[in-house]
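Here's the structure, in structure tokens; my notes come after.
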Amino acid sequence: VDLKTDKISAFEALVRLKNDEFGLVSPIEFIHLAEKTRLIIPIGEKIIDQALAFYIKLKAKGYGDLGVSINVSVIQLLSTGFIKVFLDKINKAKILPGHITIEITESVFSSNFDEINRIIGEFRKNGVKIAIDDFGTGYSSLEKERELNVDCLKIDRHFIENLTVLDPRTSITSDIISIAHKMGHSALAEGVETLKQKEYLSSCGCDKIQGFLISRPVDEDVALKLLQEQDNFVSEKD
């Protein structure tokens, strides 16, 4: 949700494994294994295809100005031909690259910094946006952070959860937002669950938020209903 408009501005694609015995399985349970076996590459390709297909649905229903973000593993990122495959998929679907964001975790920069930064730089040159996930708990080298070819820093939920127990005057969350802006990045807060957190972030100039305050993870049909409900609410206010 964009804090300036208080409206949904984008969706993040989240993967779940559907299993007859265990139901919906969290990515925490299988992503590390998929990366270890390099199955993350074909799995990731399916996730990208489904995320782009969802954006096409959004556009068809009049929500083409929204965005979709996709988490990408460092193994995918460094795989041969990934840039071309990803961009070809976007071009084939006739999607403007600026509506798609690639999310990578901050910790991937602890090794191979130059190569990863070069790759995400290529994506940015082609219009795709880049977001650093879980910012503040991984690599966190402010010297290197300024060099990153990214558009958005996603502030880790650790700094958001504390807002409910800490005196806001002693919280460093506002400083992280300020650092993001000084580096030319937008700031998005993850894990927002209360109005108190939202109000604090808004007062500090945070650009966007995501979390259970808005919605728990939902399937595509429910996501589209959220947009319809938002439209209906705006119409009723007018």
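Heavy-atom basis, side chains included; hydrogens, waters and symmetry copies ignored. This one's a predicted model, so the numbers in the text were calculated from it and none came from an experiment. Residue numbers start at 1 and run along the sequence shown.
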Do [X] and [Y] sit in one hydrophobic cluster, given that two such residues count as connected whenever their side-chain heavy atoms are within less than 4.5 Å of each other, even indirectly?
X	Y	result
Ile70	Leu188	no
Leu33	Phe22	no
Leu39	Ile31	yes
Ile102	Leu96	no
Leu78	Phe86	yes

Contact summary for [X] and [Y], nearest pair of heavy atoms:
X	Y	result
His32	Ile28	ND1-O, 3.5 Å
Ile214	Ile209	CD1-O, 3.5 Å
His181	Asp207	NE2-OD2, 2.8 Å
Gln76	Ile48	NE2-CD1, 4.1 Å
Pro27	Val15	CD-O, 3.4 Å
Ile172	Phe159	CD1-CE2, 3.8 Å

Mind checking whether [X] and [Y] have side chains closer than 4.5 Å, heavy atoms only?
X	Y	result
Leu224	Phe54	yes
Leu77	Ile120	yes
Thr105	Phe135	no
Ile8	Leu226	yes
Ile160	Thr173	yes
Leu148	Ile132	yes
Ser215	Phe11	no
Asn126	Pro97	no

Taking atom [atom1] of [X] and atom [atom2] of [Y], what is their separation to the nearest 0.5 Å?
X	Y	atom1	atom2	result
Lys208	Leu201	NZ	CG	14.5 Å
Phe30	Asn19	CZ	CG	10.5 Å
Lys225	Asp219	NZ	CG	8.5 Å
Cys152	Ile130	SG	CD1	11.0 Å

Do Gln210 and Lys154 have side-chain atoms, one donor and one acceptor, less than 3.5 Å apart?
-> yes
With a 3.5 Å cut-off and no angle check, do the side chains of Ser73 and Glu35 form a donor-acceptor pair?
-> yes
Candidate pair Cys206 and Tyr200, rule side chain to side chain contact (heavy atoms under 4.5 Å, CB included), full reasoning = CA-CA 9 Å; Cys206 189; Tyr200 170 88; over 6 Å; no
If we ignore hydrogens and angles and just use 3.5 Å, is the side chain of [X] paired with the main-chain N or O of [Y] as donor and acceptor?
X	Y	answer
Glu161	His158	no
Asp133	Ile104	no
Asn112	Glu115	no
Asn117	Phe113	no

Give the ring-plane orientation class for His99 versus Tyr55, where under 30° counts as parallel, over 60° as perpendicular and anything between as tilted.
-> parallel
side-chain hydrogen bond (donor to acceptor under 3.5 Å, both in side chains) between Glu122 and Asn149, worked out | CA-CA 9 Å; Glu122 284 297 313; Asn149 291 310; over 6 Å; no
Should [X] and [Y] count as an ion pair when the cut-off is N to O under 4.0 Å?
X	Y	result
Lys89	Asp49	yes
Lys198	Asp6	yes
Glu103	Lys129	no
Arg157	Asp134	no
Lys84	Asp88	yes

Gln228/Tyr63 under side chain to side chain contact (heavy atoms under 4.5 Å, CB included): CA gap, chis, key distance, verdict = CA-CA 10 Å; Gln228 292 167 1; Tyr63 300 111; 4.1 Å; yes
Where do Lys18 and Val25 land on the side chain to side chain contact (heavy atoms under 4.5 Å, CB included) test, with the steps shown first?
-> CA-CA 6 Å; Lys18 287 184 178 180; Val25 182; over 6 Å; no
Give the C-alpha distance, both sets of side-chain angles, the deciding distance and a yes or no for side chain to side chain contact (heavy atoms under 4.5 Å, CB included) between Val150 and His185.
-> CA-CA 7 Å; Val150 303; His185 311 315; 3.4 Å; yes
If you draw a 6.0 Å radius around CD in Glu147, do more than 12 non-hydrogen atoms from other residues or ligands fall strictly inside?
-> yes
